[in-house]
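Numbered from 1 within each chain, the chains take letters A, B, ... in sequence-line order. Keep in mind it's a predicted model, so treat the numbers as computed, not measured.
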There are 2 protein chains.
Amino acid sequence: MFRSAPDNIDRIFAALADQTRRAILARLTGGDVGVMDICEPFEMSQPAISRHIKVLETAGLITRHRQGTHRMCRLSPDGLGAIEPWLSMIANSYATKYNRLDAVLETMQTKETPDAPSSTCP
Amino acid sequence: MFRSAPDNIDRIFAALADQTRRAILARLTGGDVGVMDICEPFEMSQPAISRHIKVLETAGLITRHRQGTHRMCRLSPDGLGAIEPWLSMIANSYATKYNRLDAVLETMQTKETPDAPSSTCP
DNA sequence: TCTAAACATAACTATATTATTATATAACTA
DNA sequence: TAGTTATATAATAATATAGTTATGTTTAGA
């Protein structure tokens, strides 16, 4: 009768289910960005962006810190970590049959880890 | 002024942002299941489950086929494929810094592929 | 101390989502 | 063909989400 409260995983997936918020995350892969700079490419009011940012923060996908008069947004290093086990579970079950999602995951895994020598970088 | 229509990725993430639907997907990892059997563990009406199933189907996460009087639900082999490039992009950017999401992805990748010999299976 | 820039919050509106009950449809089965 | 089982659809209500404008707050600097 009552809808159960959203859990962490709910919040992460819900946060990702919006093009604007995904675009914000993508932007943050380039480094920390202030709220006004995040607003710039969007045809949307600043309060609307502020709310999107809050959704991302509540989901644990980003963090914020002051820098003078700016509030810089930063990707949370392990923000997506909470959904990985779940995705793995489903992906594994696919894989036990006939699946090519593994290929994509291998691609993710082939890039070197930070402590590896960056010999392949020009 | 008008909210842009949801794209495929929106639909997939939105579909995953619900515990009931994730539970349904998890259930389907065990093999195809009919709608009434899917309903069984939930304290929710059958029409509600039917709608959840429809959301999963619209997102491309499951398919259905008739089997006599039953409509069997089945995981779509590449259902999650559409979000993988996006997740990879974000994960990669984490990884360029200091990240352990790679570890999880490696875990996903260590299980053998279907065409590999199952020598490690007891 | 006054002002401006960079944000956050509030109040409100429109639309989407989720659940319920009631009812329709489709395929077996007697 | 009538009945039953499995499932879908419709109508409706409650709540959540996303956007808007207006306004508040914090910090830096003249």
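Taking atom NE2 on A:His70 and atom P on C:dC7, their separation rounds to 5 Å, with Å as the unit. One atom, NE2 of B:His65, and another, P of D:dA6, lie 16 Å apart when rounded to the nearest Å. Rounded to whole angstrom, the span from the CD atom of A:Gln19 across to the P atom of D:dA18 amounts to 12 Å. B:Glu40 places its CD atom 13 Å from the P atom of D:dT7, with the value rounded to the nearest Å. Note: CZ (B:Arg64) to P (C:dA27) measures 14 Å, nearest angstrom. Atom CZ of A:Phe13 and atom P of C:dT17 are 17 Å apart (whole Å). Taking atom CG of A:Asp18 as the reference point, atom C1' of C:dT17 lies 15 Å away to the nearest angstrom. One interatomic measurement links the two molecules: CZ of A:Arg66 to P of D:dT26, which rounds to 9 Å at whole-angstrom precision.
The number of heavy-atom neighbours closer than 6.0 Å to CZ of A:Arg51, taken from other residues, nucleotides and ligands shown, is 12 or below.
In this structure, the separation between OG on A:Ser76 and CD1 on A:Ile62 is 7.5 Å, given to the nearest 0.5 Å. Remark: A:Arg74 CZ to A:Thr63 OG1 distance equals 6.0 Å, nearest 0.5 Å.
Listed in residue order, the members of residues 45-52 of chain A having a heavy atom less than 4.0 Å from DNA chain C are A:Gln46, A:Pro47, A:Ser50.
By the 4.5 Å heavy-atom criterion applied to side chains, B:Arg71 and B:Ile53 are not counted as neighbours. Between A:Asn8 and A:Arg11 the shortest side-chain heavy-atom distance falls below 4.5 Å.
A salt bridge between A:Asp7 and B:Arg22 is present, with a side-chain N of the basic residue lying under 4.0 Å from a carboxylate O of the acidic one.
Comparing C:dA6, D:dA6, D:dA8 by their closest approach to the side chain of A:Thr69 singles out C:dA6.
The phosphate of C:dT9 (OP1 or OP2) has a side-chain N or O of A:Lys54 nearer than 4.0 angstrom.
Formation of a donor-acceptor pair under 3.5 Å by the B:Arg21 side chain with backbone atoms of B:Leu16 is not found in this model.
A residue-by-residue look at A:Met44 and B:Val35 shows that B:Val35 has its nearest nucleotide of DNA chain D further toward the 5' end.
Pair check for C:dC2 finds D:dG29; Watson-Crick or G-U wobble, both atom distances under 3.5 Å.
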